Amino acid sequence: MNKVTNHLLLCVAMAAGSLSVRATPTTFKGQAWVVGAYVSVPGEQHDAFVLRVAEALKAWTDQTGTEACGSIARTNDGGYYVQLTTLKAQMVCLRSTVMPDGMTYTGDDIHSHVHRHPGNVTVTFQDEAAMDEVGEQGTLENMRRLGIHTVHVDSVDFSDDDYAGGPGYLVVNDTLRYQHGRGTSVKVADLNRPRSIFGPPW
C-alpha cells in the first residue's frame, strides 16, 4: 500500500468532548496510505458512481476495522474521481485537498465510520499515531495520564468534526448517508440489500 504526502483535511468519528471539535475545516501537512482510486466509467451518473465507491469503502472498513476517506472530484471530461486514503485508524482520517491535474473538487467528500456496539473503541497504537498526526498531543497525554484506553465514537451518524469539514457522504452501519450542514443528515441508500431508489440530495 503506497503512502501519499499532501495537504489533507480531517475527518473524525469521535464524539464531542473526546477530541477538540473544530468549528472550521483544519488542514494538515501529512501522510496517508492510499486505499484505491476510483474513476467513473463512460455514462456512469453521479449517484451510481458514489454508490460504487461507498460499497468499496464499506468493504474496506468491514475488513480492516479502520476508516478511509476521499474528496470527490469532477474530471475534465465530465466524469467523477475519488482517491480513498487511510491512516489505518478507527476514528481519524485525512483526505487530500489537492485534486489531480485537470480535475476540480466538487465540494463533497466520502468517508466511513467503524461500526461498534455500543459505540466505544479501544484505542490502538495506530489511533494514537493518527491523533498525534492531527495535533492532538494534549488529548493523548491526558488519556495516558488518566489511563483512558477506550473512547466513544459516533457509529450511526456524522460527528461534529464531519459537519465542520463541509458537506459529504458517510458510510456507516450498512448505510450511506449525506449531509450539507448540521441537521440535514439523511440516509441515501442501504448498503446491504438491493436498491431501487437512489435520489437526491445531490
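Since the model is a prediction, treat every value here as computed from it, not as a measurement. These numbers come from the heavy atoms of this one structure, side chains and all, not from hydrogens, waters or symmetry mates.
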Next on the checklist: To the closest 0.5 Å, what do you measure between CG (D161) and SG (C93)?
Outcome noted: 12.5 Å

Next on the checklist: For a 4.5 angstrom cut-off between non-hydrogen side-chain atoms, does E67 reach V92?
Outcome noted: no

Checklist entry - Within the distance-only criterion (no hydrogens, no angle test), does the side chain of N173 pair as donor or acceptor with the backbone N or O of T175 below 3.5 angstrom? => result no

Checklist entry - If we only count heavy atoms from C-beta on, is the Y81 to P100 side-chain gap below 4.5 Å? => result yes

Checklist entry - Which residues pass the side-chain contact (heavy atoms from CB on, under 4.5 Å) test with D174, sequence neighbours left out? => result K58, N192

Checklist entry - At their closest point, which heavy atom of D162 faces which heavy atom of H113, and how far apart are they? => result OD2-NE2, 3.0 Å

Checklist entry - Can you tell if the side chain of I72 reaches within under 4.5 Å of the side chain of Y105, non-hydrogen atoms only? => result no

Item to check | Derivation of the side-chain contact (heavy atoms from CB on, under 4.5 Å) call for D109 and Y169 | outcome: CA-CA 6 Å; D109 71 71; Y169 298 87; over 6 Å; no

Next on the checklist: Just to verify, what does E44 make a side-chain contact (heavy atoms from CB on, under 4.5 Å) with, not counting sequence neighbours?
Outcome noted: S40, V41, A48, F49, R52

Item to check | Closest non-hydrogen atom pair, Q90 against G65 | outcome: CG-O, 3.5 Å

Item to check | Residue list, side-chain hydrogen bond (donor to acceptor under 3.5 Å, both in side chains) with N76, at least two apart or on another chain | outcome: none

Next on the checklist: If I take atom CG from residue L84 and atom NE2 from residue H111, how far apart are they, to the nearest 0.5 angstrom?
Outcome noted: 12.0 Å

Next on the checklist: Less than 4.5 Å apart, side chain to side chain, heavy atoms only: is that true for F158 and V172?
Outcome noted: no

Checklist entry - Passes side-chain contact (heavy atoms from CB on, under 4.5 Å), V34 versus Q83? Steps please. => result CA-CA 7 Å; V34 176; Q83 178 179 262; 4.0 Å; yes

Checklist outcome for this item: Those residues at least two apart in sequence (or on a different chain) that pass side-chain hydrogen bond (donor to acceptor under 3.5 Å, both in side chains) with T106 are none

Checklist entry - Given Q179 and V186, is the side-chain contact (heavy atoms from CB on, under 4.5 Å) satisfied, shown in steps? => result CA-CA 7 Å; Q179 62 84 15; V186 294; over 6 Å; no

Item to check | Nearest atoms (heavy-atom pairs only) where S112 meets L170 | outcome: C-CD1, 3.9 Å

Checklist entry - So which heavy atom on A56 is nearest to which on Y38, and how close? => result CB-OH, 3.5 Å

Checklist entry - Which heavy atom in Y163 sits nearest to a heavy atom in S185, and how many Å separate them? => result OH-CB, 3.5 Å

Checklist outcome for this item: Shortest non-hydrogen pair, D190 vs K187, comes out as OD1-NZ, 3.2 Å

Checklist entry - Just wondering, do M103 and R74 contact through their side chains at under 4.5 Å, heavy atoms? => result no

Checklist outcome for this item: Taken in chain and number order and not counting sequence neighbours, the residues that satisfy side-chain contact (heavy atoms from CB on, under 4.5 Å) with A54 are I110, V171, L176, L191

Item to check | Heavy-atom side-chain contact between L94 and T85 under 4.5 Å | outcome: no

Next on the checklist: A side-chain contact here means heavy atoms from C-beta on lying under 4.5 Å apart; do M99 and T104 qualify?
Outcome noted: no

Item to check | With A89 via side-chain contact (heavy atoms from CB on, under 4.5 Å) - residues at least two apart | outcome: L87, D127, A130

